[in-house]
Amino acid sequence: MRVAIDTHGCRLNRFESDAMAEALGRAGHAWVDDVGGADVYVLNSCTITHQADADARQAVRRARRDNPDVVVVLTGCLANADPEAAAALPGVDAVLGNADKARLAELLARLPPLAERRTGPALVSVSALTRRMPFTALRPALSTRRARVQLKVQDGCDHRCAFCIVPAVRGGSRSLPVVEVVEQARRLVAAGVPELVLTGIHLGAYGRDLRPRVRLAELVAALLPHLGSARLRLSSIDPHEVEDELLGLLAEHPRSICPHLHLPVQAADDGVLRRMRRGHTAGTFAELVERAVRLVPGIAIGSDVIVGHPGEDEAAFERGEALLRSLPLSYLHVFQFSPRRGTPAFTMDDAAPAAERARRGARLRAYSRAAVAARHRNAAGRGADVVVHRSPRRDGHYEALTDDYLRVELPPEAAAWAGQRRTVVLADDGRRATLVPVSSEGAPETRSEGGG
């Protein structure tokens, strides 16, 4: 069959979509870009907000409109949130849970003929999410079209943040043993992947369920001897779970570990953090950011912020905004609070009005844009360690990502370096870059000077 896979939501879904595509290839199916030419359309859905649910329903309608005969398989977190409702969506032929994604090829073989599907209920295969369910059998895709490949090492979450539905749709925290992570990393490096991104729903909880227990810093240390010419990047880590040992590894291995941390604070006011049921305070977050900047030269630090959460009045927002502006943060990802059915915050009645959420979000996004612009200006003229995207933009130029998380543009001549890790020199505006020749050994002649 020709299968089109559409991915919504987080990095884990991206990893799992790539892994499903490769598994389908091993089973004799073909991955295609266009749903119009597909026999099967797989929607790997998100359900973090009601808007995400609406996006999934719209995607199913669009797929059915573009290809009335396509088989629609709905998987991902929406499938786990309410399997019966997912199966009842018009146009859905099968529902596949997060824990069952490795069985996609098996499910396709079980689908009844088209005429029967149009008159009967959708086929549902959603395993129960237990606290200690097995880690998914999906393995990272070696044939991915991405230059930066997600390496899933953890899934699920044992925390119960007031705004978050993820524990209900991903299950309890569970980790891939170190030896298996190392083996998967070695296979990716051997396949020529230039950047591995350690990914999990709750990455900072890595290893707590293993026996003996393992800390995230120990996993990173175990991976270092096997990275070869690739670099390692860490995805989001909750602020209260970043240890000095991990910061020390970033400082000691600047060529192997990207000097970049994403620390989702969610709110920078203690009262709001208590309502959110977060594991840190505004003060401990601020202290961590300052310590990381002091210990890791050139580190870039980003964060997530939710505006308008219940308990955030104007005074709380202004206190949080003032703290965020006082810190050496590189960027913010800003979200407006969206009440999600099934979460404690859904029943809280003191969320900020929608217009106020929009205003607060606009203020923080403006601050983030200014911070990113300042980083580009400060980086002008320096050498940078980048990974070049595999595919060009429509104008023929290529995008690349520096180790400290700046997005830069390369000229069309960079086609020969697509999908590679190279050294570039940033132009006067810090947003464009020129290529640097490589030595006879194939290594860049200059090294990144950091910057943050």
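All heavy atoms count here, side chains included; hydrogens, waters and symmetry mates do not. As the structure is a computational prediction, the values presented were derived from the model and not from experiment.
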Test of understanding: with ring pair (Phe, Tyr, Trp, His ring centres under 6.0 Å), list the residues that count as partners of [X], not counting sequence neighbours.
X: His389; result: none
X: His397; result: none
X: Tyr367; result: none

Exercise. Quick one: which residue pairs count as a ring-ring contact (aromatic ring centres under 6.0 Å, His included) with a foot in residues 175-195, not counting sequence neighbours?
Key: none
Quiz item: Restricting to pairs with a member in residues 179-211, which pass ring-ring contact (aromatic ring centres under 6.0 Å, His included), not counting sequence neighbours?
Solution: His159-His202
For [X], give me all partners under side-chain contact (heavy atoms from CB on, under 4.5 Å), at least two apart in sequence or on another chain.
X: Ser235; value: Arg11, Val197, Thr199, Leu203
X: Glu22; value: Arg26, Ala141, Leu142, Ser143
X: Arg274; value: Asp270
X: Ala400; value: Val386, Val388, Val408, Leu410

Quiz item: How long is the gap from CG on Asp238 to CD on Gln266, to the nearest 0.5 Å?
Solution: 8.0 Å
Self-check item: Presence of salt bridge, Glu409 and Arg393, under 4.0 angstrom
Solution: yes
Quiz item: Do Glu16 and Arg170 sit within salt-bridge range, that is, some charged N less than 4.0 Å from a carboxylate O?
Solution: yes
Quiz item: Which residues pass the side-chain hydrogen bond (donor to acceptor under 3.5 Å, both in side chains) test with Asp82, sequence neighbours left out?
Solution: none
Practice problem: Could you tell me which residues satisfy side-chain hydrogen bond (donor to acceptor under 3.5 Å, both in side chains) with Arg146, sequence neighbours excluded, listed by chain and number? | Solution: Asp18
Quiz item: If you measure only the distance, is there a donor-acceptor pair under 3.5 Å linking the side chains of Ser17 and Asn44?
Solution: yes
Quiz item: Which pairs, with at least one residue in residues 210-224 and sequence neighbours excluded, count as a side-chain hydrogen bond (donor to acceptor under 3.5 Å, both in side chains)?
Solution: Arg215-Glu243, Arg215-Glu245
